[in-house]
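To start, the structure itself, in structure tokens.
Every chain is numbered from 1 and lettered A, B, ... according to where its sequence line falls, protein lines coming before strand lines.
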Amino acid sequence: MRKKSLFYAFSLLSISFILILTACTPQSRSASGTPTAVSGESEKVTLDFWTFWGSETRRPIIEKIIEDFNQSQDRITVKHTYLPFGDIWTKNLASIAAGNPADVIINDYADVNLRASKNQNTDLSTYLAENNIENRFYPELWKNVLYEDKAYALPFNTDTRLLYYNKKAFQEAGLDPEQPPQTWAELEEYAQKLDKKSANGYDQVGFYPLWGDFGVDSWLINGDNGNGYFNENNEAVINTPDKAYTLTWLKSWQDRLGKQTVDAMKADFGSGVSDPFISGKVAMYIQTGTYNTQIQEFGQDLDIGVAQIPEREAGSGHFSSGGGFVVEIPKGAKHPDEAWEFINYLTDVDAQKYWAIKNFDNVANIEAAEDPEANENAIYKASVDNLADTKVFQVPLSASGYKDLINPHMDAVFLGQETPEQALAAAEKDVQALIEKNK
Amino acid sequence: MTKTLRTPVPKIKRKKLSRLARREELQGYLFILPWLVGLFGITLFPMLFSLYGSFTDYDVTSRMNIVGLRNYVTLFTNDPLFWKSLYNTLYYVALMVPLTTIGSILLALMLNERIAGMRVFRTIYYLPAVLSGVGVYFLWIQLLNPSTGLINTLLGWIGIAGPAWLSDPMWTKPAIIMMKMWSVGGGMLLYLASLQGVPAQLYESAKLDGASAFRRFWHITLPMISPVIFFDVVTSFIGGFQIFQEGYVMTDSGNGGPMGSLLFYNLYMWNQAFKLFNMGYAMAMAWVLFVIVLILTLINLRMSKRWVYYEGGED
């Protein structure tokens with residue numbers, strides 16, 4: 001009798017297990033990747049589109065773009081799902097593993113190749129063979145959606161960094177507000193003229209290279225002729241004389257202002273009205289093109305100008321750094337054909353133009369980016385022009401996670417624990433070891 | 001002689017269960033079924049799965065091939081960040097556990113005094129333990145601001161120039177430990193309850209014998225609350241090894257902070273699992289941590305025999 005009740009208990013247990021497991025089992029999908037729906041053409045397909053654009057500014061823009069698409073035809077309905085930035089990609093991973101992913105998702109440039117190698121996004125080459133839209137994008141961005149020469153995503157937007165400067169501060173310091181610094185030497189000269197020191201420290205700092213949105217990585221690109229940390233053969237080339245020179249130069253700024261000043265001021269920086277450039281604590285500041293919308297919102301009376309990032313010396317190149325987001329079809333999405341139609345639309349001129357005009361965000365579609373209407377805004381135009389000098393790098397697969405190895409050495413330079421040469425040599429050695437390990 | 005090598009064991013006849021009893025038995029199983037499903041489905045199965053996964057190159061979406069001990073070998077022989085994150089975590093646990101334990105005992109002793117308005121004080125000191133999560137970390141980022149933060153302002157009053165807490169790798173972990181000290185109220189509550197359970201006659205007779213306040217504390221209070229101390233130490237040990245959020249929230253995009261000084265073990269594990277998709281590797285890391293915590297807890301249990309006093313005896 002006891003056996004019997006145990007049997008009951010176990011059968012109940014196994015039933016509940018089976019229930020749990022079936023809930024997790026991927027729904028069937030056809031091997032060819034075509035939609036499994038067999039109910040005929042008349043059935044309307046609903047696509048789930050995941051973005052992290054939930055802000056008051058961006059949400060209406062992307063939803064208008066989706067709405068326009070839904071209106072334009074009667075076969076596909078796109079549904080927008082907003083997920084917070086911190087969650088969206090872990091959710092994406094989990095849903096791909098569960099076989100029930102979104103149909104289209106906004107994702108990062110930097111790891112398109114990593115996701116492709118892990119079977120997380122869909123190879124678009126068959127669609128591109130029929131309808132080659134490669135030429136609508138900036139080549140620098142297109143490089144980043146490739147994995148083994150096949151595209152696994154389409155570029156959506158991008159960004160680039162510019163030098164913003166406060167014209168009023170320039171005038172006060174006796175500088176010509178129409179002549180922003182062009183070289184590092186000029187930048188230093190201007191910065192020192194713009195510094196305003198008082199008894200308790202600085203009331204205004206002319207410039208500090210690592211405040212704002214242009215980190216050590218970006219400066220190393222700017223100072224090393226536009227080269228990143230890896231060459232075409234995906235070898236680490238970190239310890240170069242030009243990078244050492246750049247790092248030494250960056251450190252000299254900290255030495256001049258004092259590490260304490262730099263740390264203390266940085267800790268006070270906020271956003272909006274307490275943004276250091278908007279509140280007048282810093283006279284020159286490197287930021288992305290969309291930073292201008294913040295200035296317009298919080299610092300209406302600021303008279304500002306923008307310039308390209310100063311070059312190491314005349315002729316070495318005003319290299320800037322960029323990033324941004326792609327649209328891709330997660331692997332296992334149920335309606336890849338319709339999803340392709342939608343991402344084709346998302347990256348086409350109309351949608352891209354609308355995004356650019358409403359956001360002043362840089363878009364990946366060249367024709368839309370250079371559209372005269374959006375370019376009436378001088379700062380937006382400057383950011384579009386700047387794309388020609390902007391570098392966007394794909395991380396070699398064998399070096400995934402390399403930043404955790406490089407950053408501590410860069411920190412060590414600014415803490416005075418390693419010289420620039422030591423830091424770059426050690427970083428190169430660590431990254432080479434990582435690449436060797438991942439081979 | 002050879003008659004009975006086997007003596008027949010008398011069959012113990014189980015009393016036949018009545019219908020009602022059977023029904024009740026079944027109901028019993030039904031009642032614990034949700035828990036059983038939880039244990040097997042949500043705890044045991046994932047644990048065993050991760051044990052299996054730790055011997056594979058599992059990356060969630062494309063592969064799961066057995067690679068033997070490779071993940072473990074790489075961890076110990078070819079991963080500087082593994083050692084760094086382990087060091088950061090051990091450093092944190094080694095300081096946090098004794099400091100919060102001593103802190104909450106001292107606080108409980110003070111809050112055990114009989115003075116007017118004690119309930120208010122107890123509430124005030126307990127409050128931080130109720131607050132948790134990301135909001136608290138942002139609050140502390142402001143408190144730890146080197147120039148305008150409250151901590152350095154207070155230090156300035158007594159003539160100490162406070163460090164750049166969250167940007168100087170020497171001070172990042174102490175800053176996090178200090179933040180943890182702020183919420184010792186939870187442990188304090190346990191100690192307070194156990195302090196109030198110490199029989200008053202023990203103190204009375206010690207007083208009659210002329211024992212000083214310190215001796216009374218050392219020879220009566222401490223032994224009497226030692227089971228709670230033990231419990232607190234073991235749980236904060238285990239909790240300490242799980243530190244993750246602090247490193248994730250209080251650094252730029254969870255990059256581990258200045259010179260990787262806040263790259264805690266679980267943060268690195270998370271990066272491996274969800275940023276680099278090396279899930280098998282991360283699973284191996286989880287098991288290494290499990291074994292480390294298990295060993296330390298066993299040592300704790302063994303050592304406890306020397307200093308934990310149970311009034312009613314061991315069992």
Does atom NZ of A:Lys251 have more than 12 heavy-atom neighbours, drawn from other residues, nucleotides or ligands, at distances under 6.0 Å?
yes
Who wins among B:Gly149, B:Gly257, B:Pro146, B:Ala273 for the most heavy-atom pairs under 4.5 Å with chain A?
B:Pro146
Go through the steps for B:Met259 and A:His409 under the test side chain to side chain contact (heavy atoms under 4.5 Å, CB included), then give the verdict.
CA-CA 7 Å; B:Met259 287 187 75; A:His409 290 296; over 6 Å; no
CG of A:Asp404 to CD of B:Gln272: how many Å apart, nearest 0.5 Å?
8.5 Å
Under 4.5 Å heavy-atom distance to chain A, tell me which part of B:Leu81 shows up: side chain, backbone, both or neither.
side chain
Test your reading of the model: is there a side-chain donor-acceptor pair from B:Asn145 to the backbone of A:Ala267, 3.5 Å cut-off?
yes
Which atoms form the tightest heavy-atom contact between A:Pro408 and B:Gly260, and what is the distance?
CG-N, 4.3 Å
Which bit of B:Ser261 comes within less than 4.5 Å of chain A, counting heavy atoms only: side chain, backbone, both or neither?
neither
Quick one: which of B:Pro80, B:Gly256, B:Pro169 has the most heavy-atom pairs under 4.5 Å with chain A, could you say?
B:Pro169
Flag the pair B:Ser147 / A:Asp268 as yes when at least one side-chain heavy-atom distance between them is below 4.5 Å, and no otherwise.
yes
Any chance you could measure B:Asp168, atom CG, to A:Lys259, atom NZ, to the nearest 0.5 Å?
6.5 Å
Should the heavy atoms of other residues, nucleotides or ligands under 6.0 Å from CD of B:Gln27 be counted, would the total exceed 12?
yes
Toward chain A, the part of B:Pro163 with a non-hydrogen atom under 4.5 Å
neither
NZ (A:Lys403) with more than 12 external heavy atoms under 6.0 Å:
no
Heavy-atom proximity to chain A below 4.5 Å, by part of B:Trp165:
neither
Give a yes or no on whether A:Gln417 atom CD has more than 12 heavy-atom contacts from other residues, nucleotides or ligands under 6.0 Å away.
yes
Can you name the closest pair of heavy atoms from A:Leu415 and B:Ser167 and give their distance?
CD2-O, 4.3 Å
Is any side-chain heavy atom of B:Phe277 closer than 4.5 Å to one of A:Arg115?
yes
What are the two closest non-hydrogen atoms of A:Ser117 and B:Ser62, and how far apart are they?
O-OG, 4.1 Å
Can you confirm whether B:Arg23 is buried at CZ, in the sense that more than 12 heavy atoms of other residues, nucleotides or ligands lie under 6.0 Å from that atom?
no
Heavy-atom proximity to chain A below 4.5 Å, by part of B:Asp79:
both
Shortest non-hydrogen pair, A:Lys118 vs B:Leu276, comes out as CE-O, 4.1 Å
Could you tell me if B:Asn255 and A:Asn407 have a donor-acceptor pair between their side chains, going purely by distance under 3.5 Å?
no
So which atom in A:Asp263 and which in B:Ala164 form the shortest heavy-atom distance, rounded to 0.1 Å?
OD2-CB, 3.9 Å
Ignoring hydrogens and geometry, is there a side-chain-to-backbone donor-acceptor pair from A:Lys437 to B:Asn78 under 3.5 Å?
yes
Is A:Phe85 atom CZ crowded by more than 12 heavy atoms from other residues, nucleotides or ligands, each under 6.0 Å away?
yes
